[in-house]
Amino acid sequence: MKEKLNIFWFRQDLRLDDNVGFCTSLMGMHPVMPIFIFDTEIIEQLPKDDARVSFIHKTVQELDARLKSYGGRLSMYHGKPLFILKQLLLSFDIQSVITNRSYEPYGRQRDKEIANFLSEKNIGFHTFKDHVIFEKDDVVKSDGAPYAVYTPYMKKWKALFSAKKPLQAHDFRYHIDNLRSQTAAPNLSLSDIGFEESSIKVPPYEVSTKLIRQYEETRNFPSVDGTSNLGPHLRFGTVSIRKMILQAISEENEVFWQQLIWREFFIQILWHFPKTTHNAYKPKYDRIIWRNNKEEFELWKAGKTGYPMVDAGIRQLNETGQMHNRVRMVVASFLCKHLLIDWRWGEAYFAEKLLDYEIASNVGNWQWVAGSGVDAAPYFRIFNPTSQLEKFDKNGIYIRKWIPEFNSETYPEPMVEHRSARLRCLETYKAALN
Ligand code: FAD
């Protein structure tokens, strides 16, 4: 007779502590077998030394070691999730599959297919809210419509949050006896899944009292370590959003707290408007006739535009997978507005490189910069890359770090002249929007 069990499927929630779905799965009637699937639908499109895959692999190994210390194991798989689950059904009498909810178009479609398949077999598929404080329709206007402007969303978010029961951490240790002790699959090395170790590492996050208290003063200066580095950790769930929100509140730093709400704002926008991954949120903006010059795009990607803040940002991204938020805005604006290259090209490049790449925030911010998105900057507000540099890297510390040849003959001349590029942009946008 096949062994009866429940499966807990780890995805973007790679931790045991305060993991809603994992903790809930242990409260069920049957032993829990935790699994992780290196999803070929996602990872096959990535370069072999992708830094995110290295990070996920390392984190999954740590999860396995931690589960081992509690008498369990993590079963690891490589393939298409539906196929893997079908295989598992051959060996086990699976009662239910439990996981935390995905809000992205691919994850939603995948989960729909899996839920349908499992329901035909009378197996439950239970998903939980873990990735955010508020999801889907939790924060909507009084008529039920989603918010498309940040400030009222943020205010409602805060009002609902204050009215909520205090957040409590989900402690898996109370029910840890329900963990199944054996693994059903061999441990997978990076080469087993066709990858190699990346030289780029995900830095640890920092949310010390000092950092949060100084956040407003330091967060805009790319030469200062003034931000939390939480991006990849929230993305892959190596930290709990509830824990971070509580910490932000206890330090009483509104600005830091509001950044975390921006993240949820864009996640709910993507949930309500999944087409914005490819279409402008404001349809008129899809009438813009982009220049899309491939050679210019290559110069931008190589950090050779002749505008030091743009070039330093892109080089930082290419070398480390990171780019400071202030610099992301300048780099993105330069692409869409000075070069008139479609924001989708830039979005795709960031998706390939950013350690903290998350489709909701990436698309949301790119559309914000291009002017086509929710609550976007008016199109005629065009960042001046030179004055941004004077304001935020006055002493040139950041640019000299990433552009060693700065101020030498080998550093290129600006590829476009700011004033004429600005005028060209205004004319192009105006022609499309009128
Ligand atoms: P901190 O300043 O310490 O902020 C803490 C957290 O708040 C961040 O980790 C993030 O989760 C959230 N946050 C802060 N600012 C934003 C914002 N504008 N939008 C959404 N969430 C925010 N962020 C991503 O997580 N993934 C992306 O793919 C991404 N792409 C971007 C593309 C462009 C063109 C721009 C302008 C911004 C993008 N951002 C993205 C937002 C922001 O740049 C990063 O979240 C931030 O730089 C990450 O560094 P940190 O963790 O040290 O941030």
Side-chain angles (χ1 to χ4, degrees), residues 12 52 103-104 131-133 150 153-154 157 202-208 210-222 224-241 243-245 247-248 251 253-270 276-277 300 309-310 313-314 316-317 320-337 341-377 383 388 392:
Q12 288 170 25
R52 285 115 4 142
Y103 305 100
E104 302 181 348
H131 195 58
V132 287
I133 306 289
Y150 172 73
Y153 171 86
M154 179 266 288
W157 192 104
V202 170
Y205 61 86
E206 191 196 335
V207 281
S208 63
K210 187 167 168 246
L211 184 125
I212 298 184
R213 292 216 176 129
Q214 293 177 347
Y215 185 70
E216 275 141 281
E217 288 107 74
T218 53
R219 73 181 185 117
N220 268 313
F221 298 95
V224 179
D225 271 341
T227 68
S228 67
N229 283 330
L230 270 175
H233 298 279
L234 288 170
R235 165 80 184 110
F236 299 113
T238 42
V239 71
S240 141
I241 181 63
K243 193 170 156 199
M244 288 305 106
I245 288 279
Q247 193 151 344
E251 301 297 346
N253 188 319
E254 282 280 317
V255 178
F256 185 68
W257 193 11
Q258 284 176 17
Q259 299 312 302
L260 297 173
I261 303 177
W262 268 107
R263 171 179 171 269
E264 300 216 345
F265 176 65
F266 285 132
I267 290 175
Q268 65 93 32
I269 289 291
L270 183 64
T276 52
T277 53
W300 179 85
M309 196 152 179
V310 176
I314 286 283
Q316 181 188 11
L317 179 69
T320 67
Q322 299 174 74
M323 195 195 297
H324 190 277
N325 180 58
R326 168 62 45 188
V327 187
R328 290 186 204 198
M329 291 193 279
V330 176
V331 164
S333 169
F334 186 83
L335 186 80
C336 306
K337 300 205 165 150
I341 290 181
D342 195 331
W343 61 267
R344 282 159 275 235
W345 291 28
E347 195 275 330
Y349 191 68
F350 272 31
E352 202 183 304
K353 299 278 174 187
L354 276 177
L355 294 177
D356 66 15
Y357 164 63
E358 174 149 50
I359 191 166
S361 291
N362 204 39
V363 166
N365 278 289
W366 269 94
Q367 291 223 37
W368 182 88
V369 171
S372 60
V374 285
D375 206 4
F383 278 109
Q388 288 285 309
F392 298 109

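All ligand and atom numbering here is 1-based and tracks the order in the structure.
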Checklist line | 4.0 Å protein heavy-atom contact status of atom 10 (C) of ligand 1, strictly under | finding: no

Check: Rounded to the nearest 0.5 Å, how far apart are CZ of Arg328 and CD of Gln316?
Finding: 8.5 Å

Check: Which residue holds the protein heavy atom closest to atom 20 (C) of ligand 1, what is that atom called, and what is the gap in Å?
Finding: Ser361 OG, 3.5 Å

Item checked: N/O separation below 3.5 Å, Ala332 to ligand 1 -> no

Notebook entry, point to check: Who's the nearest protein heavy-atom neighbour of atom 18 (N) of ligand 1, and how far?
Noted result: Asn365 OD1, 3.2 Å

Checklist line | Test item: Arg326 side-chain N/O and Phe221 main-chain N/O as donor-acceptor pair under 3.5 Å | finding: no

Check: What protein heavy atom is closest to atom 50 (P) of ligand 1, reported as residue, atom name and distance in Å?
Finding: Asn229 N, 3.6 Å

Item checked: Nearest-contact summary for atom 25 (O) of ligand 1 - protein heavy atom, Å -> Asp356 O, 3.5 Å

Next item on the list: Select the closest option to atom 6 (C) of ligand 1 among Val331, Ile267, Leu260, judged by heavy-atom distance.
Entry: Leu260

Item checked: Residue portion contacting ligand 1 (non-hydrogen atoms closer than 4.0 Å) for Trp368 -> neither

Note to self: Would you call the rings of Trp157 and Trp257 parallel, tilted or perpendicular, taking 30° and 60° as the class edges?
What the structure shows: perpendicular

Notebook entry, point to check: Where on Tyr215 is there a heavy atom closer than 4.0 Å to ligand 1, on the side chain, on the backbone, on both, or on neither?
Noted result: side chain

Check: Which residue holds the protein heavy atom closest to atom 32 (C) of ligand 1, what is that atom called, and what is the gap in Å?
Finding: Asn362 OD1, 3.3 Å

Next item on the list: Look up atom CZ in Phe256 and atom CD1 in Ile245, then write down how far apart they are to the nearest 0.5 Å.
Entry: 8.5 Å

Next item on the list: For the pair Phe350 and Trp300, name the ring-plane relationship: parallel under 30°, tilted 30 to 60°, perpendicular over 60°.
Entry: parallel

Notebook entry, point to check: Applying a 4.0 Å heavy-atom criterion (strictly less than), which segment of Leu234 is in contact with ligand 1: side chain, backbone, both, or neither?
Noted result: side chain

Checklist line | Val374 side chain near Gln367 side chain, heavy-atom distance below 4.5 Å | finding: no

Checklist line | Protein residue, atom and distance nearest to atom 5 (C) of ligand 1, heavy-atom basis | finding: Ser228 OG, 3.6 Å

Next item on the list: Look at the aromatic rings of Tyr153 and Tyr150 and report parallel, tilted or perpendicular, splitting at 30° and 60°.
Entry: tilted

Notebook entry, point to check: Where does Phe256 meet ligand 1, judged by heavy-atom distances below 4.0 Å: at the side chain, the backbone, both, or neither?
Noted result: side chain

Item checked: salt bridge (charged side-chain N to carboxylate O under 4.0 Å, His left out) evaluation trace for Arg263 with Asp356 -> CA-CA 12 Å; Arg263 171 179 171 269; Asp356 66 15; over 6 Å; no

Item checked: Those atoms of ligand 1 less than 4.0 Å from some heavy atom in Phe266 -> 19 (N), 20 (C)

Next item on the list: Could you tell me whether Gly231 and ligand 1 have an N or O pair separated by under 3.5 Å?
Entry: yes

Check: Do Leu234 and Leu260 have side chains that get closer than 4.5 Å, going by heavy atoms?
Finding: yes

Margin query: Nearest 0.5 Å, please: how far is OG1 in Thr227 from OH in Tyr205?
Written below: 14.5 Å

Checklist line | Sub-4.0 Å atoms of ligand 1 with respect to non-hydrogen atoms of Met329 | finding: 36 (C)

Check: What atoms of ligand 1 come closer than 4.0 angstrom to any heavy atom of Arg263?
Finding: 11 (O), 20 (C), 21 (N)

Note to self: Under a 3.5 Å cutoff, is there a donor and acceptor pairing between the side chains of His131 and Glu104?
What the structure shows: no

Margin query: Looking only at protein heavy atoms, which one is nearest to atom 40 (C) of ligand 1, and what is the separation?
Written below: Arg328 NH1, 3.2 Å

Next item on the list: Considering only non-hydrogen protein atoms, determine which one is nearest to atom 42 (C) of ligand 1 and report residue, atom name and distance to 0.1 Å.
Entry: Asn325 OD1, 3.3 Å

Margin query: Below the 3.5 angstrom mark, is there an N/O of Gln259, backbone or side chain, next to an N/O of ligand 1?
Written below: yes

Notebook entry, point to check: Can you tell if the side chain of Tyr215 reaches within under 4.5 Å of the side chain of Gln259, non-hydrogen atoms only?
Noted result: yes

